Amino acid sequence: MGSFSENSQKSHKMSEQTASLREAIQHVEEEQTSAQNAPDKIEQGEAQTSDNAQEYRNSKRRVAKVGHETVHSNVELETLRDLYLPKDPSDRIVHSDGTVSFLHAKSFLPVRMLRQSERLRILVTGGAGFVGSHLVDRLMLMGHEVIVMDNFFTGTKTNVQHWIGHPHFDLVRHDVVDPFMIEVNQIYHLACPASPPHYQYNPTKTVKTSVMGTINMLGLAKRTKARFLLTSTSEVYGDPEEHPQKETYWGHVNPIGPRACYDEGKRIAETLTYSYMRQNDVDVRVARIFNTFGPRMSPADGRVVSNFIIQALKGEQLTIYGDGTQTRSFQYVHDLIDGLILLMNKNFTEPVNLGNPEEYSIQEFAEMIRDRVSPDTPIKHLPATMDDPKKRKPDVTRATTYLGWQPAFSVQQGLEETIEWFKEQGLEALI
Ligand SMILES: O=c1ccn([C@@H]2O[C@H](COP(=O)(O)OP(=O)(O)O[C@H]3OC[C@@H](O)[C@H](O)[C@H]3O)[C@@H](O)[C@H]2O)c(=O)[nH]1
């Protein structure tokens, strides 16, 4: 990461509240140190593909490199960590009077030197969001020109601030429901609130974002002959009656329920994508993303991983909606980014599931985070949410067969980094 001003480093002060918060969670760090050091580091590719969740869970694999040489997305995990968990986190000074000074990076992380003919102009809608910003990091490191379009409803400038000012980087505040013209080679279309509380906050707007946003981006792809990748979701399967879910499954969605704005919005986005492919020869890719977690999830996200981590760090009761028997399969964000870049660059146009088959009941998952962060924290049950899918687990055979992709991170390793990141946020995230 670019080195920050030395003066600023010296004057870096944490507020008293942040300091006490850190003290409170120190015991957790100590407990974790031995666990973190124990497993051997392995390189990408050594993890075995398996549909067996137990095997995934018991595996002690550690990932040190991510990405794939074939599409030049390979990079050391340590390099990425420097962007969200810098060794010297002095990009800001939190003052004791409750104000904060943001500092400028003096230099940027080195990016690959590409010839003009190899360097692509890539638009990432929703690029300042949780997933988008990790994708942007990787595309920038690969040496491409990246244009981030975001309305900052759920994304933040902070997520991409380390690239602002870089000659390969542009940030545009724009809502994807309004038309947008630009010359690009590839479009990663991520823009849409993804957590249930966010997408249900203004359901009409969520539908507009999915439908009009996707029409706008497909229109752009058609005009500029850009390759277009839609980030769809496992929610297109609704409350699935097939388990695990294959891409050939048509789903079980309540079209008038509270989740419909997102589920049906993404289903029509897929329909639009394949209509533009058939009718207008747009070169398309569709990723169906399963539950994903990692650094840069908004503290206000409301999804289960961030909720449980924040609750445990604050010593508050962990909130399980319903009886906790519902299941989810959680993938670490870097695996998803690997899959998205592979999909964009391979010649496969049908929908592809991207998720980690490591399946947990929400009760087990709550206990796991509680035990890891703060073992004395109680767990409480709240009423179940309407239409909450009872089971979810991806069949990733298609991704493995056609993309050569499989999740490499264990949930354990992903959680370690995510918990570390939330701790680093201190006051901002936890209070
Ligand atoms: O505090 C919480 C939050 C959530 N939950 C439960 O945990 C499970 C997972 O909930 P999340 O909100 O994290 O995510 P969901 O699986 O419901 O939806 C997600 O699915 C896939 C993605 O495309 C989307 O990002 C998101 O819609 C649900 O059963 C939910 O009821 C809790 O028990 N407690």
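Just so you know, these numbers use all the heavy atoms, side chains as well, and skip hydrogens, waters and symmetry mates. In listed order, ligands and their atoms are each counted from 1. None of these values were measured; they are calculated from a predicted model.
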Test salt bridge (Lys or Arg N to Asp or Glu O under 4.0 Å) applied to Lys390 and Glu241, step by step: CA-CA 9 Å; Lys390 287 181 274 304; Glu241 290 167 318; over 6 Å; no
His166/Glu145 under side chain to side chain donor-acceptor pair (under 3.5 Å): CA gap, chis, key distance, verdict: CA-CA 10 Å; His166 193 287; Glu145 269 181 52; over 6 Å; no
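Rounded to the nearest 0.5 angstrom, His162 NE2 and Ser133 OG are separated by 7.0 Å.
Taking the six-membered ring where the residue is Trp, Phe293 and Tyr332 present tilted rings, their angle falling between 30° and 60°.
Here the shortest heavy-atom pairing between Asp395 and Pro244 reads N-CB, 4.0 Å.
In this structure, ligand 1 sits under 4.0 Å from heavy atoms belonging to Ala194, Pro196, Tyr199, Thr233, Ser234, Glu235, Arg259, Tyr262, Ile289, Asn291, Gly302, Arg303, Val304, Asn307, Phe308, Thr319, Ile320, Tyr321, Gln326, Arg328, Ile362, Asp388, Arg392.
Taking the charged nitrogens against the carboxylate oxygens, Arg259 and Asp387 have no contact shorter than 4.0 Å, which rules out a salt bridge.
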